[in-house]
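Input: a single structure, listed below in structure tokens.
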Amino acid sequence: MTFRSLKLIDPLLRALDELGYDEPTPVQRQAIPAVLAGRDLMAAAQTGTGKTAGFALPLLNRLTLEGAVEPLGVRCLVLAPTRELAEQVYGSFRKYGAHVPLRFGVAYGGVPIEPQVNKLRKGLDVLVATPGRLLDLQRQGALTFAQLQTLVLDEADRMLDLGFAADLDAVFAALPAERQTLLFSATFPEAIRALAGKLLRDPVSVQASPANAAAKTVRQLVITTDKKSKPDLFLHLLRERGWSQVLVFAKTRKGVDQLVGLLQEEGIRADAIHGDKPQPARLKALARFKEQDVQVLVATDVAARGLDIAGLPLVVNHDLPTVAEDYVHRIGRTGRAGATGEAISLVAADEVELLRAIEVLIKQVLPREEVPGFEADHRVPSTGTPSKPAQAATRKPAGKPRTGGPAPMNSAAGKPAAPGAKTPAAPRPAGGFGQAPREAAKPARRIPQGTVVVAAGRGAKSAAKAAAKAVARPAKKR
Ligand code: AMP
């Protein structure tokens with residue numbers, strides 16, 4: 001199938017041609033005809049599936065052919081949970097709409113509102129916004145929704161997670177009832193189903209790939225270690241494995257800053273992206289990372305939502321996320337649009353329940369490794385098989401759809417893997433890794449000259465650890 005056969009207008013086909021998109025992805029094949037026909041849509045599509053073009057292309061098509069915007073007007077509103085995703089989606093509209101005569105804008109908090117107000121004066125065909133700032137603009141009379149024809153909710157699950165439910169209700173109340181509504185969500189917990197039941201009229205259901213499934217092109221690995229060893233282990237791996245561009249996730253803003261501080265002390269080009277950073281600094285960090293001016297970008301989950309970094313080879317979870325679905329989003333930053341990628345999680349004993357919850361969600365037991373010198377003193381217990389449902393942090397599995405509501409979208413989290421389903425080998429017994437991991441084949445290279453290594457007997461492990469750490473973090477001045 002080609003984009004031309006989807007009946008998109010020539011200026012859009014030209015932009016796609018320039019971008020080198022040869023054929024529509026599965027979500028685009030399903031969504032484009034439905035949106036062009038003016039239908040409501042309920043789409044289970046994770047990032048990396050091409051979902052943005054799935055709604056942007058047909059909307060650009062319709063907006064170009066159907067009328068023009070008036071001052072203060074907004075014809076298509078896209079709501080996104082975070083500034084980064086809003087920027088991302090706005091960038092996509094500009095990219096795909098490079099040859100159509102439409103006006104695009106983006107609005108989010110944390111930056112001055114005036115430029116956004118000014119941009120709205122002539123009206124916008126497409127406004128991408130976070131809910132809070134949108135309401136501020138509306139209350140100031142900076143825009144009107146009288147011309148609104150389409151509402152898109154992007155990453156709707158995340159908007160609810162971030163506490164936007166009341167803001168969303170206020171936005172819905174301000175919009176014309178006669179409109180097209182498209183809802184995109186990676187997961188479909190009950191609250192999303194309820195929202196869909198309320199907002200969507202006879203929606204077309206689109207499912208790009210099984211929800212909660214990690215992209216098959218991402219090679220996943222767990223490296224067990226102690227909590228306190230994680231920063232040094234990361235540094236060691238960065239050097240040892242020659243990682244050139246790596247996106248790292250840490251649990252807290254403080255954790256992000258600490259890791260960035262450590263890396264910078266070691267002369268590594270690292271930057272942070274989290275909610276405490278002003279928006280311009282976040283965008284700059286992202287731009288520098290994309291240009292590979294920065295080698296390591298360390299982020300929290302919220303800030304990283306929606307990041308699209310072409311060809312990103314590696315994501316490292318310095319800490320596991322407390323909500324299992326976030327694992328899928330995190331590792332979805334790599335392996336996008338069919339490219340291969342790697343996702344490595346550093347896991348300490350106190351994270352075993354989080355690991356179990358992730359494995360239940362993705363229906364895989366992740367392969368484990370240990371790195372010599374960084375083995376866990378506090379063993380990370382085996383998570384067993386994924387058929388054992390965990391009580392930990394997965395969100396509630398989706399319930400039955402409401403009568404008359406949209407069809408179920410979600411492969412239920414927490415169900416055992418289907419019989420015959422391909423699962424990787426069970427984890428090796430915790431702490432007892434029979435096989436030497438990759439590094440073990442070349443230990444000599446890592447031991448600095450003059451270091452005495454106790455090869456066996458009491459103290460062997462801690463001495464080896466100290467030796468490896470000395471290499472991971474050489475003293476700045478010797
Ligand atoms: P998304 O899931 O919308 O965030 O898109 C993921 C990535 O896939 C983005 O970098 C897009 O530019 C790219 N992409 C989207 N559609 C296509 C396509 N049909 N062919 C090639 N790349 C695409």
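Every number for a ligand or one of its atoms is a count from 1 in the order of the listing.
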- prompt: Which option, F55, Y96, F184, Y21, owns the non-hydrogen atom nearest atom 18 (C) of ligand 1?
  reply: Y21
- request: Just jot down the ligand 1 atoms closer than 4.0 angstrom to any heavy atom of T52, in number order.
  value: 1 (P), 3 (O), 4 (O)
field: Under-4.0 Å salt bridge between D10 and R4
entry: yes
query: Does the distance from a Lys or Arg side-chain N to an Asp or Glu carboxylate O, for D167 and R133, drop under 4.0 Å?
result: no
query: Is there side-chain contact between Y96 and L16, with heavy atoms separated by less than 4.5 Å?
result: yes
field: Within-cut-off N or O pair, D22 and ligand 1, under 3.5 Å
entry: no
- prompt: Do D271 and K284 meet the salt-bridge criterion of a basic N to acidic O distance under 4.0 Å?
  reply: no
query: Just which atoms of ligand 1 are under 4.0 Å from any heavy atom in K51?
result: 1 (P), 2 (O), 3 (O)
statement: residues 24-65 vs ring pair (Phe, Tyr, Trp, His ring centres under 6.0 Å), sequence neighbours excluded, gives F55-F184
message: Using a plain distance cutoff, I'd like to know if G50 has any nitrogen or oxygen under 3.5 Å from a nitrogen or oxygen of ligand 1.
response: yes
- request: For ligand 1, indicate whether the residue Q28 contacts it via side chain, backbone, both or neither (heavy-atom separation under 4.0 Å).
  value: side chain
query: Can you find a non-hydrogen atom of K95 under 4.0 Å from ligand 1?
result: yes
- prompt: Going by the atom numbers of ligand 1, which of them fall below 4.0 Å from some non-hydrogen atom of F3?
  reply: 19 (N)
field: R241 with E369: basic N within carboxylate O range, under 4.0 Å
entry: yes
